[in-house]
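Some notes on the structure that comes next.
Model, not experiment: these values are computed from the prediction.
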Amino acid sequence: NANEAPVIYVEGVEQTVLNIVMYEDNDPDLPWVYPNVTATDPDSNANLLWTVQKLAGFQVGSDVLNMSPSTGENLDYVPKKNWSGVDSFVIKVSDNETPLSLDDNVTVNVTVISVNDRPVINSDPNATSPENQLVAVVITTVDANDSDLDVLTYSIEGGDDKDLFDISNLEGNLTFITSPDFENPGDANGDNVYELKIRVYDDQVPPKGVTQDLNVTVADVNEAPAIISHVGGSPSRVTAPYAIVSIPEGQTHVTDVNA
């Protein structure tokens, strides 16, 4: 009675090559699905040993590659994040006999198709601006990146105070439309915390985007006092502002200065 090699079956059919297609990052629209892989041994199925091994030259595609050594079930394959391409490995079953072990194997080729990834916003959702800041001064720059290296567009999508701001579409530079005044808040609830929602989206068709709630706090600034009584002008011979006050002769009280 000669020892005979086991035979691998994929979905009940003897195969030597198995091709599987999936989306990048195991996207649920086309995830990793392991078919029904079994093996039989004309001599005995009791001692079958399953292994999985990467082929030479295909060492970068997967973060996880393992399977049950006793049954060959539950082959777990997880590609590296944001990786796409072709990965290959070999499933092998051995009868584990001595002195000579016989085996069968199947080459598995996995094609990982690239998918459009959403951008990621990295910048802080909170910013601070001093009052009276010039509208040309950038409050904050929204920082985002896209793993697909797509061109990103920045916009203000919503928020109670969205109409008080402007943002540069390609740079993400946020500015006030009107200079803010701490003593006279212009935000919707008057607490000097301006609320808006930023959206960043890529240039794919259809585009994918991400939003972030952004709060801009206007900080109080020490301002010089202003004299508000007897406001006048400057005659040609004097450069500083002045006021003229007329009083009758013999009066000691001139006027009250208010500021």
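- Paired with Asp41 under the rule side chain to side chain contact (heavy atoms under 4.5 Å, CB included), one option of Asn96, Asn47, Leu48, Val7 passes, and it is Leu48.
- Of the options Asp166, Asp161, Asp160, a side chain to side chain contact (heavy atoms under 4.5 Å, CB included) to Leu164 is made by Asp161 and by none of the others.
- When all heavy atoms of Phe182 and Val218 are compared, the closest pair comes out as CD1-O, 3.4 Å.
- Donor-acceptor pairing under 3.5 Å is recorded for the side chains of Ser88 and Asn109.
- Under the 3.5 Å distance criterion, the side-chain polar atoms of Gln204 are left unmatched by any main-chain donor or acceptor of Pro206.
- Salt bridge annotation for Asp150-Lys208: absent, with no cationic side-chain nitrogen under 4.0 angstrom from a carboxylate oxygen.
- With rounding to the nearest 0.5 Å, the separation of OG1 in Thr141 from CG in Asn173 is 4.0 Å.
- Annotation: the span from Leu214 atom CG to Asp124 atom CG amounts to 8.5 Å, rounded to 0.5 Å.
- Closest non-hydrogen pair, Ser101 versus Asp95, comes out as OG-OD1, 3.3 Å.
- In this structure, Tyr77 has its ring center no closer than 6.0 Å to that of Tyr34.
- Heavy atoms of other residues, nucleotides or ligands lying less than 6.0 angstrom from CD of Glu223 number more than 12.
- Here the side chains of Asp117 and Asp25 are in contact, with some heavy-atom distance below 4.5 Å.
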Starting from the C-alpha separation in whole Å, work towards a yes-or-no answer on side chain to side chain contact (heavy atoms under 4.5 Å, CB included) for Leu18 and Val106.
CA-CA 7 Å; Leu18 173 60; Val106 172; 3.9 Å; yes
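- In this structure, Phe176 and Ile139 have side chains that are in contact, with non-hydrogen atoms separated by less than 4.5 Å.
- Using a 4.5 Å cut-off on side-chain heavy atoms (C-beta onward), Tyr194 and Pro180 make contact.
- Listed for the Trp83 side chain is no donor-acceptor partner under 3.5 Å among the backbone atoms of Val112.
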For Asp146 and Arg118: C-alpha separation, side-chain torsions, deciding distance, then whether salt bridge (charged side-chain N to carboxylate O under 4.0 Å, His left out) applies.
CA-CA 7 Å; Asp146 190 307; Arg118 294 184 186 278; over 6 Å; no
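- For the residue pair Ser84 / Glu24, no side-chain donor-acceptor distance below 3.5 Å is found, with atom types taken as modelled.
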Are Asp76 and Val78 close enough, and set up right, to give a side chain to side chain contact (heavy atoms under 4.5 Å, CB included), and what steps lead you there?
CA-CA 7 Å; Asp76 193 13; Val78 179; 3.9 Å; yes
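- Put simply, the side chain of Asp187 gets close to the backbone of Asp191: a donor and an acceptor are under 3.5 Å apart.
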